[in-house]
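Below is one structure; the comments refer to it alone.
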Amino acid sequence: MALSWNEIKDRAHHFTKEWEGETRERAEKDTFWNDFFNIFGITRRRLATFEEPVKKLNNKQGFIDLFWKGTLLVEHKSKGKSLDAAFEQATDYFHGIKEHELPKYVLVSDFESFRLYDLDDKTEHEFHIKDLHKNIKLFGFIAGYQKRSFKDEDPVNIQAAELMGKLHDQLEDTGYEGHQLEVFLVRLLFCLFADDTGIFEKDTFKELIEVKTNEDGSDLGGWLAQFFQTLNTPENKRLKNLDEHVAAFPYVNGKLFEEPLQLASFSSRMREILLECSALDWGKISPAIFGSMFQSVMNPEERRNLGAHYTSEKNILKLIKPLFLDELHEEFKKVRSNKNKLREFHQKLGSLKFLDPACGCGNFLIITYRELRLLELEVLKVLYGKQQVIGIDQIMLVDVDQFYGIEYDEFPARIAEVALWLMDHQMNQRISEAFGLYYARLPLRKSATIVHGNALRIQWEDVVTKKELSYILGNPPFVGKKEQSKEQKKELLEVYGKVKGAGIMDYVSAWYILAAKYIHASSIKAAFVSTNSITQGEQVAVLWNELFTKYGLKIHFAHRTFNWKNEARGNAGVHVVIIGFACFDSKSKAIFEYENINGEPDHKRASNINPYLVEGQDMFVENRKTPLCDVPCIAYGSFALDDGHYTISEAEYTQIIEKSPSTGTFLKPFIGGKEMLRSINRYCVWLRDASPTEFRHDKIVMDKIEKVRAWRSMSDRKNTKKLADTPTLFAEIRQPRTDYLAFPTVSSVNRRFIPIKYLSPDIIASNQLYTLPETTLYHFGVLTSTMHMSWMRYVAGRLKSDYRYSSSLVYNNYPWPKNPSDKNKKSVEKKAQKVLDVRAEFPGSSLADLYDPLTMPPALVKAHQELDKAVDLCYRPQAFTNETARIEYLFELYAEYTAPLLKEDKKAKTKKTQKAKA
């Protein structure tokens, strides 16, 4: 076990008194450094060698004064000699040192002065021997006491995972696989970490491999088996003739080394990889980040993108801070001056319990545990800062057994358990440093409860009872409707039961239902990261109606859509929301909104947060067959159902016209969303108003009619087969006979506006367009305004990340301005015409070009800004400062418009129920 800092400082004082004034380099150098290592309670000969031979850059033989492979190189000079020259001599040795043995620190000294170079951080510190005790913490790495700053993107995380991946592959090639391999690797992870952080005496595990095992690796498996067994055996129950090197390791327990494993077979290369692993500084590993990377080594596909799949600490804090952490810190501030209340608060910290029902490698639990321990440390500093603390274990209350998880795959479940122990030890180092006493929680008597199972199948109450639990949190799997497996779809529907429309839901929504069921009639709070689809489109009514009406759920805080990604290169991210909720109301609600989805949020208080994550009353925009307001009806374009025979490309059209010009009579421009947006020419055979006499002698047309008839007649679908009787017509004809507005059904999320366009009746709209006939410039102006786009962004569904416009959900529910004046309507028409005029100034540009945010002409931007002002005035005289103000106003207006309809609907349902009872 490591010494306390208090004892280390005391030993440093003694060392200074003993050696201050020494000048002879050769006579006392070895004793000097033996005594120096003894300051930390470390035997020098265990770690480092004197006069290590090495080939220098000039190919001459050199001898390193003191060398601790992979950690420290010392160059010692007699008093008054240049320390600069000593450092230069030290770095000359690097040429002859193996890559994984290169030191992280270089220390030069002349008895009187020390200069320490940290090669990783590129820093140096110089001081006199009399000030050694003041600078002793610079040498914390010797005893595993070093202060750490953890970065998500720290290369050591990726280096470590890559090496473990190589070892995994080599072991798997020998036939060592599955559960045995997973447990074996997790054990190695613990040992490598323990070797660098004071759980084991510094580098003793590395020394075991390096000194005790054969270079060809033939006996390494046997040594590791004996080693694991020893770690699982209390010191007083071990064999008396056990190898003294193995016997020196502490009893670990914690079930980590309990299960007997098949003996692994190693080669020289595998042994070398393990030594490379042990040469890394595992004290720099972030347990929260490394867990995900470690899991990815098991999957060759993911390994190619190593580092792209972890959840960044920054994003985890976005969830846990508003869920509980901010509140705890506020409470701490209030009670810190009152010792009795502070002790009660400390007891509270030790009683809180957390469940992540889709925990993966435990990222959320690990960061939560760290933050809880850091807060406890602040409490302890206030309570015991000026007192002599006898034992750290007697004052700490927060422990890993306050954490629970459910994980579908076994390997990440085991990683989560171990990673929580690793974080526990890092926090023990923090508290040890604060109080000057060393503390390591060995043997491991407590552990987190991580259940290997399917969270949608098992009872959460069996993992942790409702009475015990404080918070539910996590990042359940997203999996959209189309990506779900048959088994996942079955699980989803079983969770929803008889809820109508459950088949359209994302997989993640099942966790919301189960969480609401679990926390009902309790004070438990919950928060999940989810795809933003559960707050948009038709999913909203299905999920939130159930949550609100059946369980009385209320949203307490929400992060609106932002890009969920980490700092890894090539990580695309996904658009998500974070929703905090409980089955009771709260006066303190908060919305975090993002002007830039890759940026930082603005925070605002809210009186109520609805399912669209907007301040306003709880409501659901459901599919409506007809418009809510008095406006023209919208419809899909026509659907051919022709196996492509009636659809003609521009190249084919040119060939047909050259061969048979008369056939052109029956060919019409035919466009969907893609064609309209990108100005792509496409045509179709259109015979709705054609006389049979006109086309029955046209071989090209008749050939296409016959192919359509044959294809439809062969269909297994009854309705399609019936359509073979009318092969000259599209299956569904909805083509307007007047000019009409056309909407693409899908539009890029990058565009501020969905491009809308007037088309003539001779241009046939496919079912990839919405058609809106009998419209005025006023209708065009409102529909192409920012006001309508704001509504669309919140209410529409998504196709991947793109907007999927919906007639029944978006258009038919859109709250148009309430009784706008003729003056304001005429202003909208004037500005709408201006938008069309500016577009016409760019005849060679497609709508996609004109509405790309990077290429949108300034004149068109200005025209839309003027149109927005005119449309806004139709709603109210005050300007809308941002999209939040717009959508909040529109939801208020929607509630006003639908209130009478809801009353009528309620009356109708009551009458229907009464009639049924009668």
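- For Tyr612 and Phe891, the ring centers are positioned less than 6.0 Å apart.
- Sparse packing is recorded around CZ of Arg696, with 12 or fewer heavy atoms of other residues, nucleotides or ligands lying under 6.0 Å away.
- By the salt bridge (Lys or Arg N to Asp or Glu O under 4.0 Å) test, Arg709 pairs with Glu706, sequence neighbours left out.
- Between Tyr512 and Phe528, the distance from one ring center to the other falls under 6.0 angstrom.
- For Tyr851 and His864, the side-chain atoms include at least one donor-acceptor pair closer than 3.5 Å.
- Under 3.5 Å, the side chains of Thr884 and Arg560 contain a donor-acceptor pair of N or O atoms.
- Interatomic distance, OG of Ser846 versus CE of Met676, reported as 10.5 Å (0.5 Å rounding).
- You'll find the ring centres of Phe730 and Phe670 inside the 6.0 Å limit.
- Atoms CG and CG, on Asp506 and Leu543 in that order, are 10.0 Å from each other to the nearest 0.5 Å.
- Proximity of the aromatic rings of His575 and Tyr594 is defined here by a centroid distance below 6.0 angstrom, and this criterion is not met.
- Ring-centre distance between Tyr507 and Phe478: not below the 6.0 Å cut-off.
- There is a side-chain donor-acceptor pair under 3.5 Å between Asp868 and Thr786.
- Lys721 NZ: more than 12 foreign heavy atoms inside a 6.0 Å radius.
- Between Glu732 and Arg734 there is a salt bridge, since a side-chain N of the basic residue sits under 4.0 Å from a carboxylate O of the acidic one.
- Counting non-hydrogen atoms of neighbouring residues, nucleotides and ligands closer than 6.0 angstrom, the CZ atom of Arg752 reaches no more than 12 such neighbours.
- Ring-centre distance between Tyr758 and Tyr740: not below the 6.0 Å cut-off.
- Applying the 6.0 Å contact sphere to CZ of Arg876 captures more than 12 heavy atoms from other residues, nucleotides or ligands.
- For an aromatic pair to be called close, the ring centres must be under 6.0 Å apart, and Tyr646 with Trp686 fails this.
- Asp822 has no carboxylate O lying under 4.0 Å from a charged side-chain N of Lys826, or vice versa, which leaves the two without a salt bridge.
- The backbone N or O of Ile887 sits nowhere less than 3.5 Å from a side-chain atom of Trp791 that would complete a donor-acceptor pair.
- Within the model, atoms CG of Asn813 and OG of Ser807 stand 10.0 Å from one another, a figure rounded to the nearest 0.5 Å.
- Among the candidates Glu883, His788, Gln536, the single residue satisfying the side-chain hydrogen bond (donor to acceptor under 3.5 Å, both in side chains) test with Arg793 is Glu883.
- Classification of Asp872 and Arg886 as a salt-bridged pair holds, one side-chain N sitting under 4.0 Å from a carboxylate O.
- Salt bridge Lys818/Glu892: absent, no basic N to carboxylate O contact under 4.0 Å.
- Within a 6.0 Å sphere centred on NZ of Lys489, other residues, nucleotides and ligands contribute more than 12 heavy atoms.
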